[in-house]
Amino acid sequence: MITMQNVRKKYKDFELELSLEIPEGRITGFVGKNGAGKSTAIKLILGLVKPDAGKICVFGNEGGELPAAVKQKIGVSLTESGFSSQFTVEDVWHILAKMYPDFQKDFFDQKCDVLKLPRKKKLKEFSTGMKAKLRVLTAISHKADLLILDEPTAGLDPSGRDEILDLVAKLHKERKLTVILVSHSMEDVARYVERLIVMNHGTVAFDATPGEVFSHYKELEKIGLMAPRVTYVMEGLARRGVTLPHNAITVQEAVDSILQAR
């Protein structure tokens with residue numbers, strides 16, 4: 001679905017060098033410190049910035065701005081919605097209906113109720129968490145094949161994060177969506193992604209399953225990242241001679257592993 005071959009993008013004090021493939025039907029996570037290159041990689045995939053060198057192929061389209069037919073296949077939630085702060089949710093509804101022939105009006109209305117998004121309130125009156133929910137809702141309300149979610153849970157409390165990411169995971173399973181999830185939360189990627197790409201200073205430091213990546217927690221610490229807290233709990237138990245059947249990276253996995261060891 002997406003290939004990046006020897007892609008380079010240089011700014012004044014930063015250079016990205018990237019080669020990777022993102023296959024269909026999986027949830028791929030991108031993590032890294034601020035300035036590591038996560039958002040630049042996303043903008044390159046979307047054609048929002050042009051590479052200085054290398055090739056990028058998205059849905060068979062190589063290079064430059066993505067054609068309309070390809071854009072229709074992608075649902076995007078960036079850190080800024082692109083909608084005027086004077087708009088209401090109803091205004092956004094009408095805009096999306098014009099943008100996407102396959103806009104799912106009933107789905108949008110239903111999820112507005114589930115996510116408690118007031119239809120007549122202006123976006124400037126929304127909390128940070130409400131804006132995050134609306135950004136994700138706009139990305140998933142047409143029949144996209146690819147979702148690109150850049151920090152989709154920013155500003156949300158734990159229950160709000162679970163609500164949004166559980167919804168994305170459900171749609172991924174039902175629609176066989178390909179999802180790219182950019183996040184600062186190691187707990188989120190541990191729970192939801194199947195493959196984890198760790199960016200550091202514009203290059204890929206790790207590219208493996210979350211469990212494999214988090215087993216290198218000491219190396220992650222050297223580049224300014226922490227593994228999920230469960231990783232350190234499990235490591236502490238191992239140092240004390242407690243042998244568990246699984247190397248858990250989420251709270252539920254840890255509970256299951258401990259119960260199996262009893």
Side-chain angles (χ1 to χ4, degrees), residues 1 24-29 39 42 45-48 58-59 66-183 185 188-189 191-194:
M1 178 174 283
E24 295 183 49
R26 300 178 70 185
I27 302 181
T28 298
S39 293
I42 295 305
I45 290 171
L46 291 171
L48 299 177
V58 182
F59 289 108
L66 298 178
V70 173
K71 289 180 180 179
Q72 291 288 329
K73 297 181 179 182
I74 304 174
V76 182
S77 172
L78 301 179
T79 51
E80 296 294 332
S81 70
F83 295 112
S84 167
S85 63
Q86 298 298 321
F87 286 173
T88 65
V89 171
E90 287 185 347
D91 294 328
V92 173
W93 187 99
H94 288 293
I95 292 169
L96 294 174
K98 291 179 180 179
M99 287 176 61
Y100 300 107
D102 59 357
F103 176 60
Q104 298 173 299
K105 300 173 184 177
D106 291 342
F107 177 89
F108 186 92
D109 283 339
Q110 177 195 15
K111 296 309 177 187
C112 269
D113 293 336
V114 171
L115 299 174
K116 298 180 174 60
L117 296 176
R119 290 172 172 77
K120 297 187 180 297
K121 183 179 284 190
K122 291 184 178 181
L123 302 190
K124 67 179 182 180
E125 302 174 67
F126 275 27
S127 67
T128 302
M130 290 166 66
K131 290 177 182 177
K133 290 180 180 181
L134 180 60
R135 287 197 299 270
V136 174
L137 181 56
T138 61
I140 63 177
S141 291
H142 71 287
K143 295 179 181 178
D145 297 318
L146 168 66
L147 289 183
I148 297 179
L149 308 176
D150 190 0
E151 299 291 350
T153 59
L156 291 170
D157 59 20
S159 64
R161 291 200 303 270
D162 289 347
E163 185 178 31
I164 284 294
L165 293 177
D166 283 348
L167 175 58
V168 170
K170 183 173 182 288
L171 292 174
H172 160 70
K173 185 175 181 180
E174 292 175 350
R175 302 182 189 174
K176 296 179 173 57
L177 291 173
T178 303
V179 181
I180 297 176
L181 173 64
V182 180
S183 180
S185 170
D188 285 351
V189 295
R191 183 173 173 183
Y192 292 97
V193 312
E194 300 161 272

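Being a predicted model, the structure only gives us computed values, none of them experimental.
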Rounded to the nearest 0.5 Å, what separates atom [atom1] in [X] from atom [atom2] in [Y]?
{"X": "Ile164", "Y": "Leu156", "atom1": "CD1", "atom2": "CG", "answer": "6.5 Å"}
{"X": "His142", "Y": "Ile74", "atom1": "NE2", "atom2": "CD1", "answer": "8.0 Å"}
{"X": "Met1", "Y": "Glu24", "atom1": "CE", "atom2": "CD", "answer": "4.0 Å"}
{"X": "Ser77", "Y": "Ile180", "atom1": "OG", "atom2": "CD1", "answer": "13.0 Å"}
{"X": "Leu115", "Y": "Lys133", "atom1": "CG", "atom2": "NZ", "answer": "5.5 Å"}
{"X": "Leu165", "Y": "Leu181", "atom1": "CG", "atom2": "CG", "answer": "6.0 Å"}

Where the side chain of Arg175 meets the backbone of Ala144, is there a donor-acceptor pair that is under 3.5 Å apart?
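No; zero donor-acceptor contacts below 3.5 Å.
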
Counting only N and O atoms by type, is there a donor-acceptor contact under 3.5 Å from the side chain of Gln72 to the main-chain atoms of Pro67?
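Answer holds: no.
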
Minimal non-hydrogen separation, [X] against [Y], with atom names:
{"X": "Gln104", "Y": "Lys143", "answer": "NE2-CE, 3.6 Å"}
{"X": "Phe107", "Y": "Ser141", "answer": "CD2-OG, 3.8 Å"}
{"X": "Ile148", "Y": "Leu46", "answer": "CD1-CD2, 3.6 Å"}
{"X": "Ala139", "Y": "Leu149", "answer": "CB-CD2, 4.2 Å"}
{"X": "Lys105", "Y": "Ala97", "answer": "CE-CB, 4.2 Å"}
{"X": "Trp93", "Y": "Phe103", "answer": "O-CE2, 3.7 Å"}

Other residues, nucleotides, ligands: >12 heavy atoms within 6.0 Å of Asp157 CG:
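It does: Asp157 CG has more than 12 such atoms within range.
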
Would you say Lys111 has more than 12 foreign heavy atoms packed within less than 6.0 Å of its NZ?
yes

Is there side-chain contact between [X] and [Y], with at least one heavy-atom pair below 4.5 Å?
{"X": "Glu174", "Y": "Leu171", "result": "yes"}
{"X": "Val168", "Y": "Pro152", "result": "no"}
{"X": "Phe83", "Y": "Leu134", "result": "no"}
{"X": "Ser85", "Y": "Phe126", "result": "no"}
{"X": "Phe59", "Y": "Asp145", "result": "yes"}

Among Ile140, Leu117, Leu137, find the residue that satisfies the side-chain contact (heavy atoms from CB on, under 4.5 Å) test when tested with Phe108.
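Filter result, single survivor: Leu137.
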
Residues Glu163, Lys116; criterion side chain to side chain contact (heavy atoms under 4.5 Å, CB included); working and verdict
CA-CA 12 Å; Glu163 185 178 31; Lys116 298 180 174 60; 5.6 Å; no

Does the distance from a Lys or Arg side-chain N to an Asp or Glu carboxylate O, for Asp102 and Lys73, drop under 4.0 Å?
no

Ionic contact status for Asp150 with Arg135, cut-off 4.0 Å
no

Would you kindly say whether Thr88 and Asp91 are connected by a side-chain donor-acceptor distance under 3.5 Å?
yes

